[in-house]
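The structure appears right after this line, and notes come after that.
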Amino acid sequence: MSASAPAKVVTRFAPSPTGFLHIGGARTALFNFLFARHHGGEFHLRIEDTDRVRSTDEAIAAILDGMQWLGLDHDGEVIYQFSRAARHAEVANQLLAAGHAYRCFATAEELEAMRAEQRAQKRPLRYDGRWRDRTDWPQGQPFVIRLKAPQTGNVTINDQVQGPVTVANAELDDMVLLRSDGTPTYMLAVVVDDHDMGVTHIIRGDDHLNNAFRQLALIRAMGWPEPVYAHIPLIHGADGAKLSKRHGALGVDAYRDQFGMLPEALENYLLRLGWGHGDDEFITRAQAIEWFNLEGVGRSPSRFDMKKLESVNGHYLRTADDTRLTGLITPAIESTLGRKLSQVDSDLLQRSMPELKKRAIDINSLAASTLFYLRTRPINMDDAALRLLASAPQGLLSRARTALAAVTPWGVAGLEASARELADAESIKLGSIAQPLRAALTGAAQSPGIFDVMEALGRDESLGRIDDVIALTTISTTSA
RNA sequence: GGUCCCUUCGUCUAGCGGUCUAGGACGUCGCCCUUUCACGGCGAAAACACGGGUUCGAUUCCCGUAGGGAUCACCA
């Protein structure tokens, strides 16, 4: 574009509230946000709610919620496009008065017949401009206002991602600006709003690239400054097809609630999808703002990979603050347990978090992995735990219990030393003692280091759980 | 079908004419660490879609072919 950069960069994210904030929209918002912040400019949010039938308040709430969760703070007030309908109509009439637009009285049926014929003749489908130069307007008939677009020559857009893209004006038809009911079309509304909002850089999905040419014609008809365009490729599903319900086309709230993702993980993943900075994989918000540029955005669509997202999430989980994680999982834990967590419980979680978070790939699995700490005796045993206990040498647990009970102070070092000593005495491997203990203490075959578990659980609870199992096996042995 | 865009390991990408026997990450496989599972460490297999040019030299530039994508509404 022009060599002189605009004084201030202004970007916007303009979703239509017809559904949740999906993953592609979130990335578009992120790129707009980062670009604006990088240039010390402004990032605005505009809700394109001109489709009164499909727009819902729930969708608006979901978009706002999703952006807040991701920390994509916009500047200024949220603009609702519908509220600006009068202004849009004003521009359409201005264009009409200036001879850059015209009335079209073609009916829907008439246009459909026209397209059917074009299809039959295998000609491109476009409005043929039949009312472009007519002035014999029928009285009292409804009409739309169409842009009188240039018919010869070409337009080229110097897209910051796609490069220069040229299209012949003959390929573009005269788009509808104002519907017969007087409401503006999307094409009119975006252009007017972007202009009025002072948007300098339009970063959006490349499904809008074709629209850009028509919009440019409108901008030029109004004599407005032309924005810089950057059309970013869409995100596809794992199979390469367009992202749909069955892929990952869920709302970002699903990534938070259903998949237990951390916002910084989703942000990092989305940032690296279609954009790269050398070999850097983990990028902080500050680095993203410092490094983000449009040149780094790839031109081919990228596929969504849940495995990689999980991996990124695991990384952020492992480095996340323990108090924060404890807070995040508490609601889920309380709902499964059916009780409020006490301060003692929270402290226990907090202390165990460093070990727990190394094993989690998402918030939900992290929450689930804490349950055994909080359950009240006697705790449940899963099948693997039951098998471990069944295959343990006769009386081993009792002897281990006796040895452990003698440990003072109750801590990892002493407990482990005691267990090793017993293993030596019994001429078995430490694992042969650790595994039955794990089963007894956690009810599962996998857990954090068992001595860490014992320390976290405390002496009474630990020994009590072992006692529960001893009692159980004694009964079953007796009755067998 | 018209128009436009794209094409490096399975996936995300690095590469912006010689540094490429093509680098990193996820995933996969193996080994190590080890009381289990993880984490961590080490290592392996794995890609320049194809065909022409341009050039002393192409993954990098150009043109075709094939494949993929986007879009063609009084929807946004």
Side-chain angles (χ1 to χ4, degrees), chain A residues 14-18 48-51 53-55 81 104 106-108 111-112 115 118-119 122-127 142-146 159 161-163 165-168 170-173 175-181 183-187 189-190 205-211 213 231 233-234 236 238 240-242 269 272-282 295-296 298-312 314 318 355-361 369 384 388 416 419-420 423 429-439 442 444-451:
Chain A
S16 62
T18 53
E48 310 218 314
D49 55 352
T50 53
D51 185 336
V53 184
R54 297 199 298 150
S55 297
Q81 192 159 61
C104 169
T107 63
L111 292 176
E112 191 33 59
R115 280 189 279 265
Q118 289 169 341
R119 254 191 299 271
K122 288 188 166 29
R123 294 210 323 268
L125 270 49
R126 60 179 78 107
Y127 176 68
F143 62 88
V144 300
I145 294 180
R146 286 182 185 271
D159 195 277
V161 169
Q162 306 290 337
V165 183
T166 304
V167 160
E171 300 293 334
L172 280 16
D173 59 6
M175 62 178 173
V176 173
L177 263 23
L178 213 58
R179 299 188 188 102
S180 52
D181 64 359
T183 60
T185 61
Y186 161 77
M187 287 294 197
V190 244
D206 71 2
D207 49 335
H208 287 286
L209 180 56
N210 294 275
N211 291 333
F213 296 96
H231 289 93
L234 268 19
H236 288 178
K242 189 175 176 175
Y269 176 73
R272 284 283 291 100
L273 201 58
W275 180 86
H277 184 268
D279 284 342
D280 295 305
E281 294 290 342
F282 300 112
E295 298 77 61
R299 294 205 231 177
S300 56
S302 40
R303 301 183 186 200
F304 184 81
D305 183 358
M306 192 64 175
K307 277 278 187 293
K308 179 115 183 189
L309 207 206
E310 285 173 346
S311 156
V312 173
R318 289 190 293 279
E355 281 303 308
L356 254 17
K357 67 187 182 186
K358 284 198 293 201
R359 295 165 168 77
I361 54 170
S369 74
L388 271 176
E416 180 168 352
R420 284 188 187 281
K429 288 183 299 183
L430 180 59
S432 304
I433 294 179
Q435 282 302 83
L437 279 176
R438 187 184 317 282
T442 70
Q446 300 148 20
S447 80
I450 197 58
F451 305 112

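The model shown is predicted, which means the values in this text are computed figures rather than measured ones. All chains are named by letter (A, B, ...) in the order of the sequence lines, taking the proteins before the strands, and each is independently numbered beginning at 1. Side chains are part of it too, since the values below use all heavy atoms of this structure and drop only hydrogens, waters and symmetry mates.
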Base, sugar-phosphate, or nothing for [X], non-hydrogen atoms under 4.0 angstrom?
X: A:Asp49; value: nothing
X: A:Leu437; value: nothing
X: A:Arg272; value: base
X: A:Arg54; value: base
X: A:Ala106; value: base
X: A:Leu125; value: sugar-phosphate

Among [options], the one nearest [X] by side-chain distance:
X: A:Thr50; options: B:rU36, B:rC26, B:rA76; result: B:rA76
X: A:Lys308; options: B:rA76, B:rU7, B:rG24; result: B:rG24
X: A:Arg318; options: B:rU35, B:rC74, B:rG40; result: B:rG40
X: A:Asp305; options: B:rC26, B:rG69, B:rU35; result: B:rC26
X: A:Pro124; options: B:rG2, B:rC5, B:rU11; result: B:rG2
X: A:Gln81; options: B:rC74, B:rA76, B:rG24; result: B:rA76
X: A:Arg126; options: B:rC74, B:rC39, B:rG2; result: B:rG2
X: A:Asp207; options: B:rA70, B:rA76, B:rC12; result: B:rA70
X: A:Ser311; options: B:rC37, B:rC4, B:rC26; result: B:rC26
X: A:Glu281; options: B:rG24, B:rU3, B:rU35; result: B:rG24

Look at the side-chain N and O atoms of A:Arg115 and state whether any lies under 4.0 Å from the OP1 or OP2 oxygen of B:rC74. yes
